[in-house]
Structure formats: C-alpha cells, structure tokens
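We number each residue from 1, following the sequence as shown. Counting starts at 1 for both ligands and their atoms, following the listed order.
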Amino acid sequence: MAALAFGANRGAMIPRIVLLPGDGVGPEVVGAARAVLEAVGRAAGRELAFEEHPIGGSALDACGEPLPAPTLAACRDADAILLGAVGGPRWDDPRALKRPEQGLLGLRKELGLFANLRPVRAVSALLSASPLREERVIGTDLVVVRELTGGLYFGEPRGRTATPEGRRAVDTLVYTDIEIRRVAQVAFDLARKRRRKVTSVDKANVLDSSRLWREVVVEVARDYPDVELEHQLVDSCAMRLVTAPAGFDVLVMENMFGDILSDEASVLAGSLGMLPSASLGATRRGLYEPIHGSAPDIAGQGVANPLGTILSAAMLLELSLGWADAARAVEQAVEAALARGARTRDLGGGTGALSTSGMTEAILRELTAPAA
Ligand code: IPM
Ligand code: MG
C-alpha cells in the first residue's frame, strides 16, 4: 500500500468505531470490513478501537429490544458506526410490536442522521455483471442523497385500527421546510465537489409534500448558482435510471423514494452487493452500511459479497475519520481485485466464485501489495 500519511492526526485520540453486525449476512460482511480497517490501520501505524454491539433481530433475541440502550449509548459516543444488516424471516410476524428494522430506524432518528449518501458507479470490470446492456451502464457515476429521518417512514399519524367497516392502516408523508432544506444543502454541497448537477426527485404533480419539496429545493438552489438543478418526477426517474443513468450526478429525494430508487440504481454497479452508504447528520459521526440488507437466503453460508461493506468502511475512513488517502487505498484495492477477476457469486463468479473470506483476502492482498 502506498504510504498512508497521518500527519495531522498523529497523536490524536484513538478513533472509536462501533460495529453493529446485526442479522443475516451482517456479521459475515462486517467481519470482512473490520479486517480491512485493521489492515489499513496497521499499515499506517495507527490504532483504531473497535467495539461490537447487538442491534435488530439478534438484539431482540438477546434482550427483547431491537435497539438496546447500551447499543445506542455506545453509538452516541462513537466516532463512526459500521452496520451490517437487520431483519429476517424469523422476526417477520406482521403483528409483532417490536421489529428488527426499528433498531436501524431508531438509530438513524436518535443520532439525527438525516442525509443518506448512496454512491453508484459502474466499475468497468463489472459492466458485464449488470443486467442492463453495457452501453447503457457505461459512464454511470451518481449519488443518491436520500432523506433519512422524515417522510413516510416517520410521519404521524401511523398505525392500524379496527373500524366498523373493517381494518384500517395509515402512514403519513410529511415534511417541514427545515427538513427539506438541510438535505438539499447536502446534495448541492456534494454536487459542487462533483459534476455540479442536482436532480431533485418528487411527485409534485400529485403530492402536497412534493410541491413543498420542490419549492424549498428551488430556494436552496439560489445559493448555488454554479450548480445546475433539474426536477424529475419519481416515476419517470425510475425509468431514466435504467435507460440513461449516465446523465445523473447527484439525486436528492424523500426517504421512501430513495429507498426504492437506490435499490434500482444498484444494479448499475453490477450487483446490490456492491453498494455502500453513509448516513450523516450535523456532526462528523456517521453510520455506514451496505444497502443490501440481511439476505437471509444466503446467511451463514460464507458466500455474501463483502464489497458493499468494505466500500462503506472506505466512506467511514474519509467522512468520519478524515482519512481520505486510506479511503482511496481501499477503493483502489477493490477495483484492482475486480480487475484481476475476483468475483463473488452475485457478481457472476459461477463455479469459480470466491467466498466472503476469499474476496476479503483478495482485497487484503491488494492493500498490502507494495505500491507500484
Ligand atoms: C435500507 C433498508 C432499510 C430501509 C430497512 C432495513 C428498514 O431497506 O437501508 O435501504 O428501508 O431504510
Ligand atoms: Mg432499502
């Protein structure tokens, strides 16, 4: 690995990283990313402190809460949090009052992590792994900025009631201008470091919350005259993502729109297993997680693709620890391993597919290879 300069941080306090392996393939991929972080730290002679805490279904099993108080307290004290995944069929009873997902949603809300960054880049080695034709995918380099602590996921009223006419359930899509403004600012700031284009996604032809969204985004845009702004309805955006994805730079949208469109966009990178994410708030402390979820069908088999989590660890190094050259080193190791043909099953590895630990070793080899 190229020498990792640490100048400014030498002598600073040891960064505290809280690991939340969670459910399904979570523990497998978090273990892989931890090995990569440790290798990066070793190579630079810098110490990183890790602690592990339960969340989601495994926390429900262990102590009856999806977000136990000690887990939340540790996360509040951390410099960064790396999460695997939550949820699984074991905890899927629709009538259960406590669900694994509440652990993750509670953590996002409690820590005020309102902006979720989900970068999607077409890696040349994986162009053929995408279900889309190569010429469509080529050149894709976008970031979905998903609002994460408001909208349909958290709006009140919500819940289920029995009425004389039958059962009724309600969720509420609500936004305040403050919530829209702060996430729009994140998107515009990010666009300034990229290709200076923001696509704001809404459903303003139908929803009042979307009409406010559009109005506030236009207000924010006045402070960024150097950034191009376009508005796109969520349905046509879903289509454009698979017909002309290379035209996007930064997309910003409501919580649930972002949940849906980021899964759709993930196939552009070859596989859902490739996608990292960072959830950020007003401070530097962030929550980093792959977007793929717990994948219960392959949990425990050691075949999950660890790259989404390893790339999330790279985002952690850069955004929470301020260690950009280490982040680049990890990203380059991933690209180099892929270029050499390393493939997990989801990347079309076929009979020669690498296991989770096989892929992790391939990354570690690239990381520790002497700089060219
Ligand atoms: C995601 C996941 C979560 C979400 C689930 C697990 C609650 O799908 O991070 O995209 O819907 O936000
Ligand atoms: Mg999702």
Between the side chains of Asn116 and Ser279, is a donor N or O closer than 3.5 angstrom to an acceptor N or O? yes
Student check: side-chain heavy atoms of Val86 and Leu20 closer than 4.5 Å: no
Give a yes or no on whether the backbone of Gly300 and the side-chain of Glu28 come within a donor-acceptor separation of less than 3.5 Å. yes
Looking only at N, O or S atoms, which one in Asp259 sits nearest to the Mg ion (ligand 2)? OD1
Between Glu366 and Arg340, is there a salt bridge with N-O shorter than 4.0 Å? yes
Compile the protein residues with any heavy atom at a distance under 4.0 Å from an atom of ligand 1; present them by chain, then by number. Glu101, Arg108, Arg118, Arg146, Tyr153, Asp259
Within the 3.5 Å criterion, strictly below it, is a donor on Trp91 or Asp61 matched to an acceptor on the partner's side chain? yes
Please list all pairs meeting side chain to side chain donor-acceptor pair (under 3.5 Å) that have one or both residues in residues 92-104, counting only residues at least two apart or in different chains. Glu65-Lys98
